[in-house]
Amino acid sequence: MRFDITVLAVSVLLAAGLLAVMRGITSKRKAWIRVGRSPGPFGVNRRAASQEFQLNGRALVRDGYRKHKGQNFVIQTAHKEQLVIAPKFLPEIRMMPESKLSHAQVIIYNLVGEHIGAEMAMEGHQHIDVVRGPLTRSLKTVVPIMHREYRRASEAIFSQIPKDSNQMNVYSFCYAMVQGITSTVFIGEDLAHGGGWDKIVMEYFPEAMRIRNALIHWPRPIRPIVKPFLVPNNQLEMILTRAERFLEEPIRRRREPNNHDVDILKFLAEYNGSPRKVAMQSLGIITGALNTSTHAITQAIYDICTQPQYIADIRAEAIEALASEGGQWTLEVCKKLHLLDSFLKESLRLLAPEGLGVTRIATSSFGLSDGTWIPQGTYLAVAGEAMALDPDFYQNPETFDGRRFIDADGYPLKPDREFSGIEPGNGMWGSGRLTCPGRHYASALSKIIVASLLLKYDISFPEGQKEGPPGTEDDANILPDVTQMIILSERE
Ligand code: HEM
């Protein structure tokens, strides 16, 4: 009996102690603020909450950010719940290792990467290394090649513009320029021209998105079972096989000891992946570069048409920079285009393609300094668009100011105020360890395309149109209009 009482007393004490410890832990854990409709217990309202976000997601994030300034909040997006981290916590998470936060797993989740080749392409991070290292380092060699390709590809388009209307579709033009230039840089001029590579690139993305859209709502283990029914006439394997066959021999040649090719395929080949993997890496990087850069450049051209007062100065700056380099497009020319650089940065800031940027998944649990506990499996992001419109980061944030990032003498205010720089408040290139490695290339690419267009033509919206076209929202993202035409008037 005495023994029973002792056991009981010890048990009660232990339980009380445990409770106190648990309370201690949980009281330090801050409850999450919710924005928008809750998915409810066991996700019973998830469909309605997701639909609400599909219709109004960017505004919901903007309002949540303003209402709960400086705090984290959770929101149900089109496909998942995300914890939106206040900008002040970015320094805590931006350099976290893969064992804590993964971007790759989010991309694979968002794209259904295991069914479109992305998972294979991203394995080993070579697709990031090759852009961050060899591509960025070779910009000096590559810029003249990029401009040569611009001239070839743009002349083909300009020659088809009807003389009676002089109208050109902006998105198609930018897509063709980015595709032609980037493919040339990646696989070399010979392979990029003719032979059907452009067709492979063009067919890959729509088919990959068809598969992604059909499967994203299904749990990963179920997808292989439902895929044959949900994706009739799946062309992806055929497209990837064509890409592999197209590049197989060039990859083999680039692995020979005395090979002198200077394209990015050579660096990818040196990682010794299978031809299928190298082909998928090339296709993946080019497709990623295409979607992001085409949207940014398309929007910049719309902004120029809305604000034609910048044209003369951007053009004068390009003429002067080119003259200083003997009329040749070089990396130095790109670096001297400060006004265009600032204009492009402002255009990207206000487009804010990713309403939710710096997307990550917690691969293990951890806490933030304010006590917010982030369990393993939580999707994180920052409110990219809301930050771009935050007066704490940008004066008169809603106003377009093409000179925002340069001083009175026309020089960048600070290095992080360059187009490819990441100043506080800028989520457009991501953040930290996984920041976009292609941003220096994207800067040169955008400048070559926009400045060259303005050197040849005056551009404007069709008569009577003053405003730029609204973009199309998709989840938390926005895509510029793809149908807008502009009028090209050839300069003397
Ligand atoms: C204006 C154009 C572009 C924008 C706005 C953009 C934006 C981004 C963003 C937001 C990320 C995610 C970073 C993060 O979450 O921390 C990213 C990653 C990346 N970008 Fe870009 N990008 C652009 C152009 C390019 C180009 C031209 C290339 C290639 C030449 C490129 C290659 C990549 C790669 C390889 C990644 C890493 C993806 C991964 O984590 O697996 N980007 N980019």
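Both counts, for ligands and for their atoms, begin at 1 and track the order of listing.
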### Query
Quick check: does Glu354 get an N/O under 3.5 Å from an N/O on ligand 1?
no
#### Entry: 4.0 Å heavy-atom contact, Ser293 with ligand 1
yes
### Message
Taking only non-hydrogen atoms of Val178, do any sit less than 4.0 angstrom from ligand 1?
### Response
no
Closest protein heavy atom to [atom], given as residue, atom name and distance to 0.1 Å:
atom	result
atom 16 (O) of ligand 1	Arg360 NH2, 2.7 Å
atom 41 (O) of ligand 1	His127 NE2, 2.7 Å
atom 13 (C) of ligand 1	Leu434 O, 3.1 Å
atom 12 (C) of ligand 1	His103 CE1, 3.5 Å
atom 7 (C) of ligand 1	Met428 O, 3.5 Å

### Task
Test the Arg404-Tyr394 pair against the cation-pi criterion, namely NZ or CZ under 6.0 angstrom from the six-membered ring centroid and within 45° of the ring axis.
no
### Six-ring centre of Phe405, Lys345 cation under 6.0 angstrom, axis tolerance 45°
yes
### Query
Considering residues, nucleotides and ligands other than Trp32, do more than 12 of their heavy atoms fall under 6.0 Å from its CH2?
yes
Using a 4.0 Å cut-off to any heavy atom of [X], which atoms of ligand 1 qualify?
X	answer
Tyr441	27 (C), 30 (C)
Met122	41 (O)
Leu135	30 (C)
Ala296	1 (C)
Thr435	16 (O)
Ile128	37 (C), 39 (C), 40 (O), 41 (O)

Output yes when a side-chain donor or acceptor of [X] lies under 3.5 Å from a complementary backbone atom of [Y], and no otherwise.
X	Y	value
Arg94	Ser431	no
Thr435	Gly432	yes
Ser183	Gly180	no
Arg433	Met96	yes
Ser274	Lys277	yes

## Note on the structure
For atom 21 (Fe) of ligand 1 the protein N, O or S atom count under 2.8 Å stands at 1
### Nearest heavy atoms of Pro134 and Ile264, plus distance in Å
C-CD1, 4.3 Å
### Message
Any carboxylate oxygen within less than 4.0 angstrom of a Lys/Arg side-chain nitrogen, looking at Glu155 and Arg151?
### Response
no
Give the table of side-chain donor-acceptor pairs shorter than 3.5 Å for residues 411-418, with sequence neighbours excluded, one pair per line with atom names and distance.
none

### Message
Once ring pair (Phe, Tyr, Trp, His ring centres under 6.0 Å) is applied, what residue pairs with a partner in residues 71-94 remain, sequence neighbours excluded?
### Response
His79-His217
### Task
Using the ring pair (Phe, Tyr, Trp, His ring centres under 6.0 Å) rule, collect all pairs that involve residues 102-134, keeping only residues at least two apart or in two chains.
Tyr109-Tyr379
### Task
Please state which part of Leu445 comes within less than 4.0 Å of ligand 1, counting heavy atoms only: side chain, backbone, both or neither.
neither
### For ligand 1, the portion of Ser431 having any non-hydrogen atom under 4.0 Å away
backbone
### Query
In terms of the angle between their ring planes, are Tyr150 and Phe173 parallel, tilted or perpendicular, with boundaries placed at 30° and 60°?
perpendicular
